[in-house]
Every structure is written in C-alpha cells, then in structure tokens.
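Have a look at this one.
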Amino acid sequence: MLDIRQIREQPELVQTKLDLRGADVYDIQPILALDKQQRELESNRSQLQARSNEIGKLVGQKMAAKTAPTDPEILALKAEGNTVKATLSELEPAERELKTQILALILQLPNLPSDNTPVGKGEEENVELRKWGDEYIPTNPEILPHWEIGEKLGILNFESSAKLAQSRFVTLIGAGAALERALISFMLDRQIAAGYTEVSPPILVNTASMTATGQLPKFAEDGFKCAEDDLWLIPTAEVPVTNLYREQILTSERLPIHHCAYTPCFRREAGSAGRDTRGLIRLHQFNKIELVKFVHPDTSEQEHETLVMNAEAILQALKLPYRVLELCTGDIGFSAAKCYDLEVWLPSAGKYREISSCSNFRDFQARRGDIRFKETGKKGTQFIHTLNGSGLAIGRTMAAILENYQQPDGTIQIPEVLQSYLGRTVL
RNA sequence: GGAGGAGUGGCCGAGUGGUCGAUGGCGCAGCACUGGAAAUGCUGUGUAGGGCAACUUACCGUGGGUUCGAAUCCCACCUCCUCCGCCA
C-alpha cells in the first residue's frame, strides 16, 4: 500500500504516477479529504485523552495521600472524568470509522510505477529487451499443438478432467506426470543451487495474507475461497511465502532472504472466458516454482536483475527460445513498481507466451504486511523490499517442451538436462 | 472435539487496580580501560500516529466491558503448549 504521508505531502506526484497506469482510474482526493478530517479529530481526541489521564493521576495521588474517597475534590474530579469519558465515547468511534475508510481506499490504490518503468498504455507498449535461443526455434512446420500431441501420446487428459472438476483442468498420465515431476525437481534443484532456500508452504491462506500481497480486497473474484473457514486457495506461492515474514521485524544481517517454493496455484480466471481454452496455458490449477526475495531497499533493483537471470537460466538450460519484456506502466501488475516478463516461444501459436513474471514490489507489500527490518546500530525500522518471479510455471514449460522438442515422427525429445531426472531420452 | 496452562518491548523475562510504557538480562550504540581485542565498568537504547520543537496520544495476543484510573478485574475470540479422544 502507499504511504499515507507521501499521499499527503506529495499529492501531485502520487496522482501523476498513478495516472501513468491509466488516466482517470485512480483519484486520491477523497483520501486527502478524509485524512484531513481524521487528523483534526485525532488532535481533539488526544487533548481530551490527556485531560482524562491527568484526572486519573490526580485521583491516584489523592488516594495515595489517604484523602477520603468522599472528599469533595475527589468527587469533582471523578465527575469531570465521567464527562470527559462521555465526549470521548463519541469521538473515538468517529475517528476509528474515518481510519477504516481511509485504509479501505488506500488498499484499492496500486503501487506507483518505478521511475525507470517505461510509460505506456497497455501491453502493446511493453519493451522487448532481449531475445535468446533463436537457433532453437523449430523449423518443422508440422508441429502439433501441445494438447494434441499430448493426448495422442496419452500423457494429457483434458476430457476426463472436465468431468472430475470443470473445464480448464488437466490430468497428467504416465510419462506426462513423470515429466512434470522431473521439471519440478530440476527447477528446484537449480534455484537451490542459485542460493534460494526451499519452502513448502500451506496452499490455503487467510484473508490477511491475501491482503498483504495485494490480491485482496480488489481482486476477490479471481480467487477460490473456502468461505466457511476464511481461507483461500493460493493463486501463487508468492502469497504464503511473502507472508512468512508478515508482522515481523528482521535484523539487517538476515537480509537478503531468498526463497523458492513449489506449489500448486489456483485461479478462477474470471474474465478470461474464451481465451486459451485449450491446452495447458490457462488452467484453474497449475504448478509453479516461485522465487521470492526479501531485501534491503538499496539493493532491490540489483536483486531484481538477478532474479530475472535466475528464471532465464532455467529456460536456457532447457534450450527453450524466449524473450524478455519490460512491462510498461499501463501493464504492470497492481502491486508491482517494475516488472519483467519472460515469454517462451510456442510454435503452435507462432508467438511468444508468458512463462514467468518477475516483479519488484519495493515497499508496497511490506507496508501492507508490516514486514520491516532494523539496521544494526541504527534507530528505528524500515520496510523491506519484496520481489518475486516464477522460476518457472511448470505447465507452460511442459507445453513449450511438447512443442519445441516435437520430432517429425511425433515423438518428443527430452531436453538433455531433464534426461537424468526422467530416466529416458524420448517420449 | 474435551481438560488444564500460557500469550508482555529485536529476543528472554518480571510485574495482579493508581505517576507502569512497564524492573532486570541478552543484543545493540557511545564512552572508559587496552598496543589491539576479549573480559569488565559507566551511559544510552521499544514501536506507531499527531504537532513534526517543547509536547502529546495509542500500543503488554485480538475485540468488548467494569472504573476517575487496567498489563493487572470481567466477557468473548484467536494462537501456542501439555494431557485425553479421533485421524492421514
């Protein structure tokens, strides 16, 4: 969430940056108005409170001096105390209500884009930074889409999955299931080697956790909810892993913290009706390796670059052609200040498709989740910076392999680095 | 699910109605001692909001209540521990 003090002190700057995400979408004026009211109320209230505290102390002193409880002075003080309390009982709820309203409004505001995030209205204005692996783009024109070759090989089953659950689910069978397991192990091993500590978190989380990372309150319709229990199926491991440190004050020696996690992810894909209806690209349930970083604010930009490199390393090891996009202000996610997308080449589509999204949230999530650190020898606390990225989405990687590694005879060559994990060289 | 116990500042841990935001220790910072360090001694050190200086308010798991006054009493809830029950 944004800092109310920054909104108050630099309203034009904040509004200008919010407008970069979309003109006339966000308005900080109501917040400024409520904030002003709230501070006036607070000033009144705390003055009264001070008097109330004073009365309490005076009575205490008299009692300690063995003054009779029926002494007129004591009775007068008690009477005044009651009057003050009556007024406070009106001011307090009013102030609380204002604070609640302000918080609700601030939680609706997205992060401010970084100064070096390219300005643009939407995805067409994202900037392509680099491409890798052109030489691995298949030249064979006969490539079947991954869902066709997958069903042909008997390793993907969409029809039964729709029966079990709904559309947008898949069941992996035999070598398909094994390939997924191999990819999970391979990716985790690589990221652990790169210095990330593996965690296996809960995949159901409460509303507070979803709010800290920015999924709530604004995107409630995107999540699967277990209403009876105030629990949500996680849309990404980012949620539980980031919340591991919610409401904590870390010492600066512990930073940076790098975690990787394999989890299933669940998304309702509300608003995606009709898009990517076939195959592994857009499912309600998919698996993903997530990378999450907690870092000192001074290092977050550099940590962002290495995060992307760690994700790219997986694609390079698998020899899958991809490109790196720098998302523009109109396309970065709600909580992100800056974001790189990795897109893998998908022959059946004849284009690159997102396989990883690496974001720097700066202090946006830390503020929501109250994740702070204390620098040794310095006074006070600061919010840490959080970053995360996929490293990588498993289903989309499978899709990319089934297509890019498809042989003219309909078999699938297994990427070299996976062969030892899978125990075979071809599907 | 049942019974009992507990939740206090970065950490540990005292405090059961009255100048308690809270004794003490660890940690951290400064100073002294030292060739330097360790050890030791002295001093300082919670977080957050408002004025942004003096000052002031809130915070002792969370939310209510009693009282002039609550970390301390009452109610509800949450979490953790122990035992019992059930169970992958």
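In the text below, chain A, chain B and the rest are named by the order of the sequence lines, each starting its count at 1. Here the structure is a predicted model, which is why all the values come from computation and not from measurement.
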Taking atom C1' in both B:rU62 and B:rG24, what distance in whole Å separates the two?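 Looking at atom C1' only, B:rU62 and B:rG24 are 28 Å apart.
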Can you tell me how far C1' of B:rC68 sits from CG of A:Asp71, to the nearest Å?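 Rounded to the whole Å, the gap is 14 Å.
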At 4.0 Å (heavy atoms only), tell me whether A:Leu77 reaches a base, stays on the sugar-phosphate, or touches nothing.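 A:Leu77: no heavy atom of the nucleic acid under 4.0 Å.
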Can you see whether A:Glu180 engages A:Asn287 through a side-chain donor-acceptor pair at a distance of less than 3.5 angstrom?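 Checked: A:Glu180/A:Asn287 side chains pair up, N/O donor to acceptor below 3.5 Å.
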State whether A:Lys225 and A:Asp230 are salt-bridged, where the test is any N-O pair (Lys NZ or Arg NE/NH1/NH2 against Asp/Glu carboxylate O) under 4.0 Å.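 Salt bridge absent between A:Lys225 and A:Asp230.
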Residue-phosphate contact under 4.0 Å: A:Thr381 side-chain N/O, B:rA48 OP1/OP2: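 Answer yes for this pair, as a side-chain N or O of A:Thr381 is under 4.0 Å from OP1 or OP2.
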Tell me: CG of A:Asn44 to C1' of B:rA58, nearest whole Å?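 In whole Å, B:rA58 C1' lies 16 Å from A:Asn44 CG.
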Report yes if a side-chain nitrogen or oxygen of A:Arg5 is closer than 4.0 Å to either non-bridging phosphate oxygen (OP1 or OP2) of B:rG49; otherwise report no.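 Answer yes for this pair, as a side-chain N or O of A:Arg5 is under 4.0 Å from OP1 or OP2.
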At less than 4.0 Å, is any side-chain N or O atom of A:Lys374 found next to OP1 or OP2 of B:rU47? Yes or no.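 Indeed, a polar side-chain atom of A:Lys374 lies that close.
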For A:Arg372 and B:rG46, give me the distance from atom CZ to atom C1', rounded to whole Å.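 Whole-Å distance recorded here is 10 Å.
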If B:rA3 has a Watson-Crick or G-U wobble mate with both distances under 3.5 Å, name it; if not, just say none.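 For B:rA3, the partner nucleotide comes out as B:rU82, under the 3.5 Å rule.
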Side chains of A:Thr386 and A:Gln365, donor plus acceptor under 3.5 Å: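 A pair is found: one side chain offers a donor N or O, the other an acceptor, under 3.5 Å apart.
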Answer yes or no: side-chain N or O of A:Glu9 and base N or O of B:rC52 forming a donor-acceptor pair under 3.5 Å.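 Donor-acceptor pair under 3.5 Å: yes.
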Is A:Arg254 touching bases, backbone alone, or none of the nucleic acid, heavy atoms closer than 4.0 Å?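 If one applies the 4.0 Å heavy-atom cut-off, A:Arg254 turns out to touch nothing in the nucleic acid.
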Tell me the interatomic distance from A:Asn53, atom CG, to B:rC68, atom C1', rounded to whole angstroms.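 Interatomic distance, CG of A:Asn53 to C1' of B:rC68: 11 Å.
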Could you tell me whether the phosphate oxygens of B:rU56, OP1 or OP2, come under 4.0 Å of any side-chain nitrogen or oxygen in A:Arg51?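 Indeed not, no polar side-chain atom of A:Arg51 lies that close.
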Scan every strand shown for a Watson-Crick or G-U wobble partner of B:rA22, both distances under 3.5 Å, and answer none if you come up empty.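 Across any shown strand, B:rA22 pairs with none.
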Would you tell me whether A:Ser252 and A:Lys374 have side-chain atoms, one donor and one acceptor, within less than 3.5 Å of each other?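 No.
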B:rA48 - base-pair partner by Watson-Crick or wobble geometry, distances under 3.5 Å: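 Base-paired to B:rU57.
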Is A:Ala50 touching bases, backbone alone, or none of the nucleic acid, heavy atoms closer than 4.0 Å?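 A:Ala50: backbone/sugar contact only, no base atoms under 4.0 Å.
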Is any side-chain N or O of A:Gln49 under 3.5 Å from a base N or O of B:rU57, one able to act as donor and the other as acceptor?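 Side chain to base: no pair below 3.5 Å.
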If we take the C1' atom in both B:rC26 and B:rA14, what is their distance in whole Å?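 To the nearest whole Å, 15 Å.
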For RNA chain B, whose closest nucleotide is more 5', that of A:Ser46 or that of A:Asp3?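 Checking each residue's closest nucleotide, the 5'-ward one belongs to A:Asp3.
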Between A:Arg168, A:Arg353, A:Arg396, which is the residue that forms a salt bridge (Lys or Arg N to Asp or Glu O under 4.0 Å) with A:Asp276?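 The passing option is A:Arg353.
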Under-4.0 Å side-chain N/O to phosphate OP1/OP2 contact, A:Arg96 with B:rG64: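 For A:Arg96, the contact criterion (side-chain N or O under 4.0 Å from OP1 or OP2 of B:rG64) is met.
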Looking across every strand, which nucleic acid part, if any, lies under 4.0 Å from A:Gln61 by heavy atom: base, sugar-phosphate, or nothing?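 Base contact.
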Decide, yes or no, whether a salt bridge links A:Glu95 with A:Lys99 under the criterion of side-chain N to carboxylate O below 4.0 Å.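 Between A:Lys99 and A:Glu95 there is a salt bridge, with a charged N closer than 4.0 Å to a carboxylate O.
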